[in-house]
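So the structure is just underneath, and the comments pick up after that.
Treat the numbers as computed from the prediction; the structure is a model and nothing was measured. Every chain is numbered from 1 and lettered A, B, ... according to where its sequence line falls, protein lines coming before strand lines. Side-chain atoms are counted along with the backbone in the values below, which use heavy atoms only and exclude waters and symmetry mates.
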Amino acid sequence: SWFGLGGGSQQQAGRPPSGSPDERLLVSQQMLEVEMMQDLYNRVMESCNTKCVQPSYNDTELTKAEAVCIDRCVAKYMELHEVVGNKLQQISQQQSDTAAKAAAAVQQSGAARPTGS
Amino acid sequence: IEAALQTASMREFLTHYNQMVQSCFSRCVHTLWDRRLTDSELSCSNNCIATLIASQGRISQAYLTASGKTFARQPASGAEDSAGTSS
């Protein structure tokens, strides 16, 4: 699964839905993933249309340059999608590491008194 | 309800994610000679991501401060009218 949701779907296949809260969460997450992929697709279309297709409509067919441009554009967009995902993971990891270190430092220096307001 | 909140916050995060990819794509990727991202486009993207995240943090802080002033109400002491803005 692209966005990392619905990981347990392979185990659930074939069983009738029991309506448990976990299952409902899973289903809503899977629907969310579908929705987000649709959103991604729409954005790819929008971006690559803007970048590649010249607004001078002399012909019904795409020129070869436009077709090649679109292929490359989509490939680059999907690669960027992956790059952003990895980078976000890295940043959130750094943030949680920093937070963990800060929390440990606070504990070591004794419990800080909460400042009243 | 917790599941709905979780899904909603997930939706918001993923929408921001998609938005970020689109913004950084339009700002960083200009040459389409190859199917792979060039090194300069990659470094631009990394900077773009970090900058967008930093700006999101700053904007949310500034928004809290500004909306705190905008929507501040007088503390209810006695018969004072509240100074809340109409919504």
Side-chain angles (χ1 to χ4, degrees), chain A residues 1-6 20-53 65-92 94-95, chain B residues 1-61 64-65 68-69 72-75 77:
Chain A
S1 36
W2 191 268
F3 290 97
L5 304 176
S20 71
D22 284 341
E23 268 199 45
R24 269 181 282 157
L25 177 63
L26 185 65
V27 165
S28 66
Q29 280 184 343
Q30 287 172 336
M31 285 176 58
L32 178 62
E33 184 166 349
V34 168
E35 188 182 332
M36 285 299 125
M37 297 202 67
Q38 184 79 43
D39 183 47
L40 170 67
Y41 180 79
N42 289 339
R43 288 179 196 271
V44 170
M45 280 232 286
E46 193 183 327
S47 304
C48 290
N49 235 335
T50 313
K51 273 213 192 291
C52 284
V53 177
E66 286 170 341
V68 165
C69 175
I70 285 175
D71 282 345
R72 293 170 180 164
C73 174
V74 174
K76 280 196 168 183
Y77 196 101
M78 298 311 282
E79 187 182 341
L80 183 63
H81 183 87
E82 192 179 332
V83 163
V84 171
N86 293 337
K87 183 83 182 172
L88 279 182
Q89 255 189 348
Q90 181 189 350
I91 290 181
S92 78
Q94 282 174 352
Q95 282 181 348
Chain B
I1 295 192
E2 270 199 27
L5 278 177
Q6 190 178 342
T7 308
S9 81
M10 202 85 276
R11 166 176 282 119
E12 189 183 337
F13 170 73
L14 289 177
T15 308
H16 276 143
Y17 175 83
N18 276 349
Q19 179 76 54
M20 193 181 297
V21 175
Q22 189 175 19
S23 300
C24 292
F25 186 82
S26 77
R27 291 176 193 183
C28 281
V29 176
H30 301 297
T31 64
L32 288 162
W33 302 323
D34 194 30
R35 296 174 66 91
R36 305 299 311 268
L37 294 170
T38 68
D39 289 338
S40 71
E41 285 168 347
L42 272 174
S43 72
C44 174
S45 308
N46 281 327
N47 294 337
C48 173
I49 296 160
T51 306
L52 280 184
I53 289 180
S55 81
Q56 278 177 13
R58 185 115 192 165
I59 287 173
S60 64
Q61 266 190 346
L64 279 177
T65 313
K69 288 181 190 159
R73 294 180 179 274
Q74 304 257 350
S77 58

- Message: When you compare the side chain of A:Gln90 with that of A:Gln94, does any pair of heavy atoms fall below 4.5 Å?
- Response: yes
- Given that the side chain runs from C-beta out, which part of A:Asp71 has a heavy atom under 4.5 Å from chain B: side chain, backbone, both or neither? both
- Note on the structure: Honestly, the part of A:Leu80 sitting under 4.5 Å from a heavy atom of chain B is both
- Query: Considering only the SG atoms, does B:Cys48 lie under 2.5 Å from B:Cys24?
  - Reply: yes
- Item | Which atom of B:Phe25 lies closest to which atom of A:Cys73, heavy atoms considered | CZ-SG, 3.6 Å
- Query: Taking SG to SG, are B:Cys44 and B:Cys28 separated by less than 2.5 Å?
  - Reply: yes
- Message: Please classify the contact between A:Lys87 and chain B as side chain, backbone, both or neither, with a heavy-atom cut-off of under 4.5 Å.
- Response: side chain
- Item | Region of B:Leu37 in contact with chain A, defined by heavy-atom distances below 4.5 Å | both
- Task: With a 4.5 angstrom heavy-atom cut-off, could you sort out which part of B:Glu2 is near chain A: side chain, backbone, both or neither?
- Result: neither
- Contact summary for B:Glu41 and B:His30, nearest pair of heavy atoms: OE2-N, 3.7 Å
- Task: Check each atom of B:Asn46 against the heavy atoms of chain A and say whether the ones under 4.5 Å are side chain, backbone, both or neither.
- Result: both
- B:Thr31, part contacting chain A, at a heavy-atom distance under 4.5 Å: both
- Message: Tell me which of these, B:Thr7, B:Asp34, B:Val29, has more heavy-atom pairs under 4.5 Å with chain A than the rest.
- Response: B:Asp34
- Note on the structure: Looking only at heavy atoms, the pair that brings A:Leu40 and A:Met78 closest together is CD2-CE, 3.9 Å
